Amino acid sequence: MYSFKNDYSEIAHPKVLQRIVDTNMIQAEGYGLDEFSFEAIDAIKNKIKDNSVDVHFISGGTQANLLATAAFLRAHEAVISAESGHIVGSETGAIEATGHKVFTVPTQDGKLTADMVKSVFDAHHQTNFSPYPRLVYISNPTELGTVYDKNELKSLHDCCRELGIYLFVDGARIGCALTLDKNDLVFEDMPKVCDAFYIGGTKNGAMYGEALVIKNENLKGHFRWHLKQRGGLLSKTRAMSVQFTELMNNNLYENIAKHANLMSDILREGITKAGYSFYVNSPTNQIFVELPNKVLKELDKKYIYTIWGQLDENITVIRLITSWATPKEKVEEFVRDLLSIEV
């Protein structure tokens with residue numbers, strides 16, 4: 001069996017593991033106050049070409065989203081998210097558990113627009129009987145694998161600044177968004193088009209860990225206190241940070257994300273050749289395809305994937321994901337098997 005279910009089935013890129021081994025027996029300070037964490041912070045600042053940001057290492061995406069929301073918002077403030085946003089249906093109500101309501105917006109492609117944000121803000125900000133919308137949450141790529149370009153993010157950020165609210169970008173798979181040939185967004189744009197974002201490591205070569213980057217001065221204060229209070233400040237933070245030093249080195253982060261995209265391109269071409277339709281036009285490493293149930297019955301013999309939904313009684317939408325570690329031969333094998341199934 002080969003899994004196209006997620007992009008964290010393997011532990012870590014070999015170069016990342018080697019960096020951990022090479023630094024393993026060197027004693028260092030704890031809680032992110034070590035030379036390795038400082039080195040990783042500098043590497044990230046160099047990557048995004050901005051020395052003014054604060055960088056914090058957090059163990060996972062849900063933790064990053066939860067900690068950022070809890071730290072950035074006051075008790076009566078709320079989050080605006082696409083209905084399909086990761087914080088809405090995939091984090092067990094983590095945001096709500098911090099006491100902050102999530103206002104959701106239905107979208108066709110998983111992306112928020114300035115008009116959508118304004119609509120929610122206008123509906124809630126003038127009455128003290130409603131939570132006050134203060135933070136816009138998006139992910140790039142979205143939960144549907146779609147991406148924001150530079151102008152779309154700039155438009156959202158300009159809207160947020162006009163309204164006096166914040167834009168936070170979940171970057172769990174940001175490498176796949178930034179390495180698309182048809183996208184004009186690059187790493188150094190990120191601090192300019194949002195107030196805070198994180199660079200996902202768990203889904204792009206790291207054993208675990210995300211790097212939260214805070215640009216807005218209003219959001220920086222006492223973040224380490226929030227991190228500690230909510231169990232996010234690890235004594236061995238260096239085990240996370242040292243991975244990012246390697247990922248930022250020689251464009252490793254971008255190169256392995258580009259591999260994930262290239263493998264998904266092969267899948268897309270094969271699925272199109274087989275005559276099947278896509279549920280959404282996703283250019284990144286997440287593919288949503290509509291397949292007859294009898295085709296899935298054959299694929300189930302060799303492959304693991306995620307069932308996304310039921311289109312009708314005969315057609316199921318599945319999600320296939322490629323990663324930095326996906327072998328080209330496995331992708332080509334899947335395409336051959338799909339083409340060989342008689343419908």
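What you see below is based on every heavy atom in this structure, not just the backbone, and it leaves out hydrogens, waters and symmetry mates. The model shown is predicted, which means the values in this text are computed figures rather than measured ones.
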So, D184 side chain and K150 main chain: donor-acceptor pair closer than 3.5 Å or not?
yes
Do T142 and D109 pass the side chain to side chain contact (heavy atoms under 4.5 Å, CB included) test, and can you show the C-alpha distance, the side-chain angles, and the key distance before you say yes or no?
CA-CA 8 Å; T142 70; D109 58 3; over 6 Å; no
Any chance you could lay out the side chain to side chain contact (heavy atoms under 4.5 Å, CB included) test for I41 and I44, step after step, and finish with the verdict?
CA-CA 5 Å; I41 289 170; I44 289 171; 5.9 Å; no
Residue pair E333, R336: steps toward the salt bridge (charged side-chain N to carboxylate O under 4.0 Å, His left out) verdict:
CA-CA 5 Å; E333 183 179 344; R336 287 195 301 270; 5.0 Å; no
Verdict with reasoning, L252 to E246, per side chain to side chain contact (heavy atoms under 4.5 Å, CB included):
CA-CA 7 Å; L252 178 61; E246 187 60 40; 4.1 Å; yes
Any donor-acceptor pair under 3.5 Å linking the side-chain atoms of N6 with those of S9?
yes
Closest approach of S130 to H124 (non-hydrogen atoms, all atoms of both residues)
OG-ND1, 2.9 Å
Under the salt bridge (charged side-chain N to carboxylate O under 4.0 Å, His left out) rule, what do D34 and R238 come out as? Steps first, then yes or no, please.
CA-CA 7 Å; D34 59 277; R238 59 178 284 194; 5.3 Å; no
For E254, is there an ion pair with K47 - N to carboxylate O distance below 4.0 angstrom?
yes
Across all chains, not counting sequence neighbours, the salt bridge (Lys or Arg N to Asp or Glu O under 4.0 Å) partners of E152 are K111
Look at the rings of F121 and Y132 and say which category their plane angle falls in: under 30° parallel, 30 to 60° tilted, over 60° perpendicular.
perpendicular
Testing the 3.5 Å rule here: is there a donor-acceptor pair between the side chains of N293 and T316?
yes
Taking ring-ring contact (aromatic ring centres under 6.0 Å, His included) as the test, write out the residues that go with H86, two or more places apart.
none
ring-ring contact (aromatic ring centres under 6.0 Å, His included) filter on H100, not counting sequence neighbours, yields none
Do NZ/NE/NH1/NH2 and the carboxylate oxygens of D300 and K297 come within less than 4.0 Å?
no
For the backbone of T326 and the side chain of T322, can you confirm whether one donor and one acceptor N or O come within less than 3.5 Å of each other?
no
I'd like to know if R268 and D265 make a salt bridge, using a cut-off of under 4.0 Å between side-chain N and carboxylate O.
yes
Parallel, tilted or perpendicular for F334 and F4, by the 30°/60° rule?
perpendicular
Which word best sums up how the rings of F72 and F168 line up, parallel for under 30°, tilted for 30 to 60°, or perpendicular for over 60°?
perpendicular
Distance-minimising heavy-atom pair for T245 and A43
CA-CB, 4.5 Å
Validation row, ring centre Y305 to ring centre Y2 under 6.0 Å:
no
Going by distance alone, is a donor N or O of one side chain under 3.5 Å from an acceptor N or O of the other, for Q243 and R19?
no
F244 vs F57 aromatic rings, parallel, tilted or perpendicular, using cut-offs 30° and 60°?
tilted
Using side chain to side chain contact (heavy atoms under 4.5 Å, CB included), reason through C176 and N261 one step at a time and then give a plain yes or no.
CA-CA 6 Å; C176 288; N261 284 340; 3.5 Å; yes
Which one of V120, V136, L167 satisfies the side-chain contact (heavy atoms from CB on, under 4.5 Å) criterion with L112?
V136
